Amino acid sequence: MPLHRIYHTPGQFSTEEKKGLANAITELYTTNPHGPHLPPFYVVVLFVPVEEENFFVGGKNTKNFVRISIQHIARSFETHDIAKGYIQLYENALAPFIKEKGFDWEIDIEQIDRNLWRTNGLIPPLSNSDAEKEWVRVNKAVPY
Amino acid sequence: MPLHRIYHTPGQFSTEEKKGLANAITELYTTNPHGPHLPPFYVVVLFVPVEEENFFVGGKNTKNFVRISIQHIARSFETHDIAKGYIQLYENALAPFIKEKGFDWEIDIEQIDRNLWRTNGLIPPLSNSDAEKEWVRVNKAVPY
Amino acid sequence: MPLHRIYHTPGQFSTEEKKGLANAITELYTTNPHGPHLPPFYVVVLFVPVEEENFFVGGKNTKNFVRISIQHIARSFETHDIAKGYIQLYENALAPFIKEKGFDWEIDIEQIDRNLWRTNGLIPPLSNSDAEKEWVRVNKAVPY
């Protein structure tokens with residue numbers, strides 16, 4: 001459900017850094033005590049390399065920028081304060097891989113109606129339901 | 001108007017399977033008796049290959065997953081039941097190319113304001129209007 | 001903040017045309033007297049080449065189509081008339097690179113909640129605030 005598309009230029013992240021960043025994002029949604037404890041397989045992170053000549057910021061080609069476009073579906077933020085806290089955790093997770101390497105970056109989150117969402121053809125269980133907890137436990141979409 | 005971005009790993013679909021899947025999706029919006037009978041050219045399907053090392057599900061690289069991100073613009077679902085029925089048709093169209101090949105998959109639909117949409121610079125005609133029917137007939141955007 | 005993803009087939013745009021199109025879009029948000037005068041670095045334009053065999057319009061492969069998916073975050077349209085005027089300016093900016101080359105094209109704009117947006121980890125300043133004007137002046141995200 002959270003879908004993270006990370007647009008970057010080729011070579012900006014090593015294979016190890018991509019693993020590290022994907023893990024840092026995934027943990028935020030799964031094991032982090034302040035997170036939503038989602039089934040791990042809900043978290044999809046895609047690195048999309050864009051050649052420098054195709055990547056424009058302010059009308060100029062760049063190889064130094066990371067643009068992350070995020071979709072949330074399984075949960076919506078209930079208040080602006082909750083959103084603010086969560087985004088801070090997210091920024092902390094990114095920092096070693098982006099800020100501390102001297103890159104510029106931008107993120108945004110769009111929230112999608114969970115009624116228009118399926119995983120392996122199933123309607124995902126309600127937030128914090130017993131069925132969702134079972135999906136966390138087995139880490140796959142099983143009939144319920 | 002429906003825009004389908006299909007994120008997959010290279011080699012997951014043959015050229016013939018891509019044609020088959022794109023056709024199955026397109027028919028749902030055009031010729032299917034339960035569908036909206038849109039002009040065929042409204043239906044855009046993009047296969048976006050993502051290398052296995054760039055494709056993470058639950059923090060792990062995978063070559064077995066298909067993530068489909070869908071935008072609807074020309075029509076919005078009027079009720080949850082209508083959405084549910086339509087998504088079932090959509091899942092049926094995907095099945096031979098995804099489920100029956102043993103892949104895991106996830107889909108979501110976002111609904112976009114049709115006032116913020118143009119095709120060939122034109123404001124697309126209203127749903128089920130005579131002008132839309134003419135666009136269906138000629139299968140292109142013509143002044144009306 | 002405006003994020004423009006331009007899906008096209010390889011070879012549809014030369015390097016110079018990509019620069020020209022990215023500049024025409026960027027100017028609309030920055031220097032155009034009818035535009036919002038955003039900090040230039042807010043404007044991200046990504047060209048995403050999609051092979052002809054992966055690009056389907058109406059169920060048929062094409063190398064002649066351009067699909068632009070746009071996100072607005074820093075500003076929302078206040079009325080339908082304002083949106084209409086702005087989209088016309090946008091279409092004018094595209095025309096020399098798309099319409100006049102004989103391509104077909106489609107655009108849509110989705111509007112994202114600016115509370116769910118960060119740039120370089122900072123909450124971007126309010127529309128037309130002094131802080132935003134400072135970001136325009138220095139053309140980067142600075143604490144305020």
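Naming convention: chains lettered A, B, ... in sequence-line order (proteins, then strands); numbering from 1 in each chain. In this text, all values refer to a predicted model and were calculated from it rather than measured experimentally.
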Rounded at 0.5 Å granularity, tell me how far [atom1] in [X] sits from [atom2] in [Y].
X	Y	atom1	atom2	value
A:D108	C:R114	CG	CZ	12.5 Å
A:E106	C:Y42	CD	OH	8.5 Å
A:D104	C:F41	CG	CZ	8.5 Å
A:R67	C:L46	CZ	CG	8.5 Å
C:I25	A:F56	CD1	CZ	9.5 Å
A:N61	C:T15	CG	OG1	8.5 Å

For [X], is it the side chain, the backbone, both or neither that has a heavy atom under 4.5 Å from a heavy atom of chain C?
X	result
A:K60	neither
A:T62	neither
A:E51	neither
A:Y90	neither
A:I107	both
A:Y7	side chain
A:N92	neither
A:F65	side chain
A:V57	both

Residue selection (most heavy-atom pairs with chain A, distance under 4.5 Å) from C:A22, C:P40, C:G121: C:G121
Between C:V45, C:N120, C:L116, which shows the greatest number of heavy-atom pairs under 4.5 Å with chain A? C:N120
C:N115 side chain vs A:H80 backbone, donor-acceptor pair below 3.5 Å: no
Residue [X] versus chain A: region with a heavy atom under 4.5 Å:
X	result
C:T119	both
C:K140	neither
C:P49	side chain
C:I6	neither

Might you work through the side chain to side chain contact (heavy atoms under 4.5 Å, CB included) test for A:E110 and C:Q111, ending with a clear yes or no? CA-CA 9 Å; A:E110 30 170 358; C:Q111 303 193 106; over 6 Å; no
Are C:K18 and A:E53 close enough for a salt bridge, meaning some N to O gap below 4.0 Å? yes
With chain C as the partner, which of A:L94, A:N54, A:V50 has the greatest number of non-hydrogen pairs under 4.5 Å? A:N54
For A:D130, is the CG atom crowded, meaning more than 12 foreign heavy atoms sit under 6.0 Å from it? no
Please check if the number of heavy atoms outside C:K84 that lie under 6.0 Å from its NZ is greater than 12.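 Atom NZ in C:K84 is not packed in, count stays at 12 or less.
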Taking every non-hydrogen atom, the tightest pair across A:S69 and C:Q71: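 Minimum heavy-atom contact is OG-NE2, 3.8 Å.
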